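It should be emphasised that the depicted structure is a prediction, and the values quoted were computed from it without experimental measurement. Letters A, B, ... mirror the listed sequences (proteins, then strands); counts begin at 1.
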Protein chains: 2
Amino acid sequence: MLKNEKYLNGEPSCAVDYAFRRIGGKYKGRILWYLHANTILRYGELRKTLYDITPKMLTQTLRELEDDGLISRKVYHEVPPKVEYSLTETGKELIPFIDYLRQWGDKQIAKESRKL
Amino acid sequence: MLKNEKYLNGEPSCAVDYAFRRIGGKYKGRILWYLHANTILRYGELRKTLYDITPKMLTQTLRELEDDGLISRKVYHEVPPKVEYSLTETGKELIPFIDYLRQWGDKQIAKESRKL
DNA sequence: CGGTATCCTATCGGATACTG
DNA sequence: CAGTATCCGATAGGATACCG
């Protein structure tokens, strides 16, 4: 398990590293979580929910998640256009972990506020 | 759960974000995982295990983890010096989650290699 | 509505040399 | 052994304007 050094230069050095590369980044965790909570979200809805994201970052992040097979993108060829995002099966497998992390985060935030 | 927008400018916008900030970064996941697998590791042992990390990044990352209460640092005032790192109770709470993520990563890596 | 394009800056992380 | 210090390059992310 240790010394799992089969990947060199640029490749993940272990599965933990591999996974973190796919869900790291400033907004990926939140996007996955919000998609889980709502099943389907449109581009504009994601933008409102993530209120502090720029369109550039939102598009970029959504593309990366799509390329990594964590979300799927459904385009409706209408006017005005409509695009829906949802979790893939692979993406859904990450939800228990994100939920666990969220609970842990809540606990730490509560701890911190008690100290103030 | 959504619209958890009590944190503005610089503060985490939700617990998912909060948690990702603490375990994000290029090496944090691996460090936590290796410390769990070995219980205690010295600075040089971590450096060898993370083989691709520079001393600057290792020290910096360890300090951040320590400041966030995820690991503890024990200094032996000897010559030559000896410093041991281990997980705190709060840090240990993250292990099941990291392990889940690691298994997920392993599965994806296996999937990818089947496609090649 | 759902994006692109362009430009810019700040932070992250790397290389290397040095120290108590 | 366990770090610091300094400098530097890459890249993640932000601001703003525009487009089909």
Contacts under 3.5 Å, N or O only, protein and nucleotides 13-19 of chain D:
| residue | atom | partner | partner atom | Å |
| --- | --- | --- | --- | --- |
| D/dG13 | OP1 | A/Lys26 | N | 3.1 |
| D/dG13 | N7 | A/Lys56 | NZ | 3.2 |
| D/dG13 | O6 | A/Lys56 | NZ | 3.3 |
| D/dG14 | OP1 | A/Lys26 | NZ | 2.4 |
| D/dG14 | OP1 | A/Tyr27 | OH | 3.2 |
| D/dG14 | OP2 | A/Tyr27 | OH | 3.0 |
| D/dG14 | N7 | A/Lys56 | NZ | 3.4 |
| D/dG14 | O6 | A/Lys56 | NZ | 2.3 |

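Inter-axis angle, ends of the helix from C/dC1-D/dG20 to C/dG20-D/dC1, five pairs per end, rounded to 10 degrees: 60°.
Separating the CG atom of A/Leu58 from the P atom of D/dA12 is a distance of 17 Å, rounded to the nearest angstrom. If you measure from atom OH of B/Tyr51 to atom P of C/dG14, you get 12 Å, rounded to the nearest angstrom. In this structure, the NZ atom of A/Lys48 is 10 Å from the P atom of C/dG2, given to the nearest Å. The distance from atom CD of B/Glu84 to atom C1' of D/dG3 is 16 Å, rounded to the nearest whole Å. When rounded to the nearest whole Å, the span between CZ of A/Arg63 and P of C/dG2 equals 12 Å. The nearest whole Å value for the distance from the CZ atom in A/Arg21 to the P atom in C/dG13 is 11 Å. Remark: P of C/dG2 and CG of A/Leu46 are 10 Å apart, rounded to the nearest angstrom. Going from atom OH of B/Tyr43 over to atom C1' of D/dC1 covers 10 Å, rounded to whole Å.
Side-chain N/O atoms of A/Tyr85 include one lying less than 4.0 angstrom from OP1 or OP2 on C/dG3. An OP1 or OP2 oxygen of D/dC1 is reached within less than 4.0 angstrom by no side-chain nitrogen or oxygen of B/Arg42. OP1 and OP2 of C/dC1 both lie 4.0 Å or more from every side-chain N or O belonging to A/Arg47. Contact annotation: A/Arg73 reaches the phosphate of C/dG3 (side-chain N/O to OP1 or OP2, under 4.0 Å).
Residues B/Asp67 and B/Arg63 are not paired through a salt bridge, judged by the lack of any N-O separation under 4.0 Å between the basic side chain and the carboxylate.
Using a 4.5 Å cut-off on side-chain heavy atoms (C-beta onward), B/Phe20 and A/Ile23 make contact. Side-chain contact between A/Leu94 and B/Leu101: present, with at least one pair of heavy atoms (C-beta onward) separated by less than 4.5 Å. A/Ile71 is listed as a side-chain neighbour of A/Leu32, based on a closest heavy-atom distance under 4.5 Å.
Closest contact between the side chain of A/Pro81 and the listed nucleotides D/dG20, C/dG20, C/dG3 involves D/dG20.
Each of B/Arg22, B/Lys26, B/Lys28 was evaluated against B/Glu64; a single residue qualifies, B/Lys28, per the salt bridge (charged side-chain N to carboxylate O under 4.0 Å, His left out) test.
Counting only residues at least two apart or in different chains, side chain to side chain donor-acceptor pair (under 3.5 Å) contacts with residues 83-98 of chain B comprise A/Lys107-B/Glu93, A/Lys111-B/Thr90, B/Ser72-B/Ser86, B/Arg73-B/Tyr85, B/Tyr76-B/Glu84, B/Glu89-B/Lys92.
Following chains of ILVMFWY side-chain contacts shorter than 4.5 Å, one cannot reach A/Val75 starting from A/Val79, and the two form parts of different hydrophobic clusters.
The backbone N or O of A/Tyr34 lies less than 3.5 Å from a partner atom in the side chain of A/Asn38, making a donor-acceptor pair. A side-chain donor-acceptor contact under 3.5 Å links A/Tyr43 to the backbone of A/Pro55.
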